[in-house]
Amino acid sequence: QVQLVESGGGLVQAGDSLKLSCTASGRTFSDYVMGWFRQAPGKERSSVATISRGGALTFYAESVKGRFTISRDNAGNTVNLQMSSLEPEDTAVYYCAAAPRTAATAQEMLAMRLKNSYTWGQGTLVTVSS
């Protein structure tokens, strides 16, 4: 099973940018569809962005379209989330997740199909002050 470690969270002001990174180990990284999810206090975990195994296809939640960019480096076993024009509503714990090819396509992962089969990182906190 793949292991995931997120980094890059922190406290920023509204309008700032921040980049999250997730490093994978343990299995062939390119076998997995990857995604970023977030969970705000008192809310359920929701999808933010997903990327196909080769990186050609990306999908975004409506709330982050045009502000966030997901990318991956299969040689370096990393998936990144570049966040810009951050808003207080983006405050949440952000999780990286890996979905095996049998569980979901990138588009299906955005809909959290078979989410119980995903491997999750420990999360990184992003706080956006107004």
Side-chain angles (χ1 to χ4, degrees):
Q1 189 172 358
V2 66
Q3 291 84 44
L4 304 172
V5 178
E6 301 99 334
S7 61
L11 172 63
V12 297
Q13 293 187 331
D16 284 352
S17 298
L18 194 65
K19 181 179 178 181
L20 305 182
S21 294
C22 173
T23 301
S25 61
R27 286 290 182 98
T28 304
F29 182 64
S30 58
D31 283 349
Y32 294 88
V33 174
M34 299 299 298
W36 285 95
F37 299 77
R38 66 187 181 186
Q39 187 165 15
K43 295 187 177 181
E44 293 191 355
R45 193 170 301 186
S46 62
S47 58
V48 175
T50 59
I51 188 166
S52 61
R53 290 181 288 122
L57 299 175
T58 57
F59 299 89
Y60 296 92
E62 286 295 327
S63 59
V64 306
K65 275 184 181 178
R67 300 189 299 122
F68 291 10
T69 302
I70 188 171
S71 62
R72 68 188 294 164
D73 174 4
N74 284 345
N77 290 357
T78 57
V79 59
N80 300 312
L81 185 68
Q82 179 67 51
M83 305 183 292
S84 61
S85 302
L86 282 161
E87 304 167 353
E89 293 74 22
D90 295 316
T91 294
V93 177
Y94 283 72
Y95 297 90
C96 172
R101 65 177 75 187
T102 55
T105 64
Q107 189 170 23
E108 291 170 338
M109 194 181 192
L110 193 73
M112 302 182 75
R113 179 181 186 269
L114 296 178
K115 62 182 178 182
N116 290 339
S117 64
Y118 302 171
T119 298
W120 299 89
Q122 84 287 353
T124 186
L125 177 62
V126 173
T127 303
V128 184
S129 64
S130 57

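Checked by atom type and distance alone, the side chain of S129 never pairs as donor or acceptor with a backbone atom of A14 at under 3.5 Å. Side-chain atoms of D16 never come within 3.5 Å of backbone atoms of L11 as a donor-acceptor pair (strictly under, hydrogens ignored). In this structure, the side chain of T50 does not engage the main chain of G35 through any donor-acceptor pair within 3.5 Å. A distance-only check finds no donor-acceptor pair linking the side chain of R101 to the backbone of V33 [under 3.5 Å].
In terms of hydrophobic clustering, with Ile, Leu, Val, Met, Phe, Trp and Tyr side chains grouped at heavy-atom distances under 4.5 Å, I70 and L20 are assigned to a common cluster. One hydrophobic cluster, built from ILVMFWY side chains closer than 4.5 Å, cannot hold both F59 and F68; they sit in different ones. One hydrophobic cluster holds both V126 and Y60 under the rule that ILVMFWY side chains link at heavy-atom gaps under 4.5 Å. When hydrophobic clusters are built by joining Ile, Leu, Val, Met, Phe, Trp and Tyr residues whose side-chain heavy atoms come closer than 4.5 Å, directly or via intermediates, V79 is grouped together with V2.
Note that the CE atom of M109 and the CG atom of L114 stand 11.0 Å from one another [nearest 0.5 Å]. Note: Q107 CD to L57 CG = 9.0 Å, rounded to the nearest 0.5 Å. The distance from the OG1 atom of T78 to the CE atom of M34 is 9.5 Å, given to the nearest 0.5 Å. Atoms CH2 and OG, from W36 and S47 in turn, are 14.0 Å apart once rounded to the nearest 0.5 Å. To the nearest 0.5 Å, the span separating OG on S21 from CZ on R72 amounts to 13.5 Å. Put simply, OG on S46 and CG on L110 are 9.5 Å apart, with the number rounded to the nearest 0.5 Å.
Contact record, V93 with G123: CG1-CA, 3.8 Å, taken as the closest heavy-atom pair. Nearest heavy-atom pair across Q3 and Q1 is NE2-O, 2.7 Å. Heavy atoms only, all atoms of each residue included: M112 and F37 are closest at CG-CE2, 3.6 Å.
Using a 4.5 Å heavy-atom threshold, the side chains of F29 and D73 count as separate. Side-chain atoms of R27 and P100, non-hydrogen and from C-beta on, never get closer than 4.5 Å to each other. Proximity of Y94 to E6: side-chain heavy atoms (C-beta onward) are nowhere separated by under 4.5 Å. Between R67 and D90, some side-chain heavy-atom pair lies under the 4.5 Å cut-off.
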| request: List the steps and the verdict of side-chain contact (heavy atoms from CB on, under 4.5 Å) for R38 and L81. | output: CA-CA 12 Å; R38 66 187 181 186; L81 185 68; over 6 Å; no

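Between W120 and Y95, the angle of the ring planes goes over 60°, which puts this pair in the perpendicular group of the 30/60° scheme.
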